[in-house]
Amino acid sequence: LMFQRVCFLNLRKNGVPVAENFRLEQSTIADTVQAGQVRVKTLYLSVDPYMRCRMNEDTGSDYLQPWQLSEVADGGGIGVVEESKHDNLAKGDFVTSFTWPWQTVAILDGSLLQKLVPQLVNGRLSYFLGAAGITGLTALLGIREKGHVTAGANQTMVVSGAAGACGSLAGQIGRLEGCSRVVGIAGTDEKCSILVQEMGFDAAINYKKEDVAKQLRELCPGGVDVYFDNVGGDISDTVISQMNQNSHIILCGQISQYNKDVPYPPPLPPDIEKIQKERNITRERFLVLNYMDKQEASVLQLCQWIQEGKLKVRTFRFYLWALSMMNGGNIGKQIVSVSK
């Protein structure tokens, strides 16, 4: 028997998540790998905003299953094969899954794993959970399927939650796809500076210090044609009020609403809904999993942009709960930023 560390959902609680929502345990794992299985060592786990919905008994979404109490949490993950009895996977292969268990070692069905090619991301394996993974696919396919960006059409894109993993990619991809102006909204001066100086945004608004409506009028004098919405709430209402006729909202996320008991996507206030209808602004629910037939080609496009330096990526590694325990930490240090 081998020892491993495992992270469970411990309790459900409304509001902002706390360490007590989770429980860490050390347990054993059988050392026998059956036909078709592989034993993997976990290298990276992706901790994403949508997981807040999975902490609820009702996720508010028909495509997200809730985490069950006292069962192992799961999500996007990457690991290395330590032993294989699957024909297409060998010891030393790097693999990924969208349902990777939060444990240090696992025995998994090899047919449910995707083999990774590190060279596609210049050896930065973690990118397959971000810029070259579901996050990057969400940004790219969201823009292509719901943004209606046309090169040479002089379109202005606004991105909320612009300094986040998806938002920072969306702004850059909007530019690569043909937007002539990209403006981000973030919560600190440092984030705004990174967006402009490193990510190529034309401008960025610190919503905690600045008048967002006033700044949008100054920075987007021709109005807003495409809005990549990560946050919802008051900020989105402000952006929508300045959108043009026949413009488009890419409904990616509603982070400001995730700790509230509201339907998804949350309804707009009556006055904003009126603007949306009168200006024929599209606001359709977007689910990247509905476009998996375009996954392979889209990942290759993302990897090409990364290799060419056209897509800038900032990765923050977090040793969160189980990962902290793997490295001798404790649950009181559940979030430790170790690199960028």
Side-chain angles (χ1 to χ4, degrees), residues 1-9 24-48 50-51 54 63-65 67-68 70-138 141 288-303 306-307 315 317 319-323 325-327:
L1 294 178
M2 300 175 60
F3 286 98
Q4 63 168 342
R5 297 185 186 277
V6 183
C7 182
F8 301 89
L9 182 65
L24 289 169
E25 291 185 3
Q26 180 169 287
S27 64
T28 57
I29 182 172
D31 57 7
T32 303
V33 177
Q34 304 294 331
Q37 295 181 325
V38 295
R39 187 179 76 245
V40 294
K41 177 182 178 182
T42 300
L43 299 178
Y44 299 97
L45 297 174
S46 184
V47 183
D48 306 288
Y50 81 88
M51 291 177 168
R54 298 193 68 190
Y63 68 90
L64 281 181
Q65 295 299 313
W67 284 330
Q68 299 300 315
S70 297
E71 290 191 6
V72 181
D74 70 288
I78 291 173
V80 60
V81 175
E82 294 188 323
E83 181 181 351
S84 175
K85 290 189 177 179
H86 187 277
D87 292 341
N88 298 326
L89 296 173
K91 182 178 179 180
D93 283 346
F94 296 105
V95 291
T96 186
S97 168
F98 195 58
T99 57
W100 196 282
W102 284 15
Q103 54 193 69
T104 51
V105 181
I107 294 176
L108 304 175
D109 181 346
S111 65
L112 301 179
L113 300 173
Q114 180 181 355
K115 187 175 176 180
L116 299 175
V117 182
Q119 292 84 356
L120 289 176
V121 288
N122 301 324
R124 298 293 296 271
L125 275 173
S126 63
Y127 283 14
F128 285 115
L129 292 179
I134 287 291
T135 309
L137 287 171
T138 299
L141 291 172
V288 69
L289 298 178
N290 289 339
Y291 301 93
M292 285 298 97
D293 59 316
K294 301 181 180 181
Q295 176 184 9
E296 185 175 354
S298 298
V299 168
L300 289 176
Q301 175 65 85
L302 292 164
C303 290
I306 291 170
Q307 290 178 331
T315 300
R317 299 178 186 176
Y319 287 84
L320 186 78
W321 299 302
L323 291 184
M325 293 298 285
M326 289 180 207
N327 292 277

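Atoms considered below: every heavy atom in the structure, side chains included; atoms not considered: hydrogens, waters and symmetry mates. The structure presented is a predicted model; accordingly, all values stated were derived computationally and were not measured.
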**Request:** Go through the steps for L9 and W102 under the test side-chain contact (heavy atoms from CB on, under 4.5 Å), then give the verdict.
**Result:** CA-CA 10 Å; L9 182 65; W102 284 15; over 6 Å; no
**Request:** Apply ring pair (Phe, Tyr, Trp, His ring centres under 6.0 Å) to F8 and list each qualifying residue two or more places apart in sequence or on a separate chain.
**Result:** none
Which heavy atom of [X] sits nearest to which heavy atom of [Y], and what is that distance?
| X | Y | answer |
| --- | --- | --- |
| V121 | A132 | CG1-CB, 3.8 Å |
| P101 | V72 | CB-CG1, 4.0 Å |
| L113 | S97 | CD2-CB, 3.8 Å |
| G76 | W100 | C-CB, 4.2 Å |
| L120 | C303 | O-CB, 3.4 Å |
| L302 | A131 | CD1-O, 3.4 Å |

**Request:** Assess whether atom CD of Q26 is packed by more than 12 heavy atoms of other residues, nucleotides or ligands within 6.0 Å.
**Result:** yes
Using 0.5 Å steps for rounding, measure from the [atom1] atom of [X] to the [atom2] atom of [Y].
| X | Y | atom1 | atom2 | value |
| --- | --- | --- | --- | --- |
| I29 | T104 | CD1 | OG1 | 8.0 Å |
| Y291 | L137 | OH | CG | 13.0 Å |
| L141 | N290 | CG | CG | 10.5 Å |
| L129 | I78 | CG | CD1 | 3.5 Å |
| R5 | E25 | CZ | CD | 11.5 Å |
| M292 | I134 | CE | CD1 | 4.5 Å |

**Prompt:** What side chain to side chain donor-acceptor pair (under 3.5 Å) pairs are there with at least one residue in residues 109-119, not counting sequence neighbours?
**Reply:** D109-S111
**Request:** Report yes or no: does S46 contribute a side-chain atom to a donor-acceptor pair with the main-chain N or O of G77 at less than 3.5 Å?
**Result:** no
**Message:** I'd like to know if the side chain of S84 reaches the main chain of L89, judged simply by a donor and an acceptor atom lying under 3.5 Å from each other, with no hydrogens or angles considered.
**Reply:** yes
**Stepwise side-chain contact (heavy atoms from CB on, under 4.5 Å) check, L112 with T99** = CA-CA 9 Å; L112 301 179; T99 57; 5.8 Å; no
**Prompt:** Got a sec, which residues hit salt bridge (charged side-chain N to carboxylate O under 4.0 Å, His left out) with R54, two or more places apart in sequence or on another chain?
**Reply:**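 So R54 forms a salt bridge (charged side-chain N to carboxylate O under 4.0 Å, His left out) with D74.
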**Message:** Quick one, V38 and V95 - any side-chain contact, counting heavy atoms below 4.5 Å?
**Reply:** no
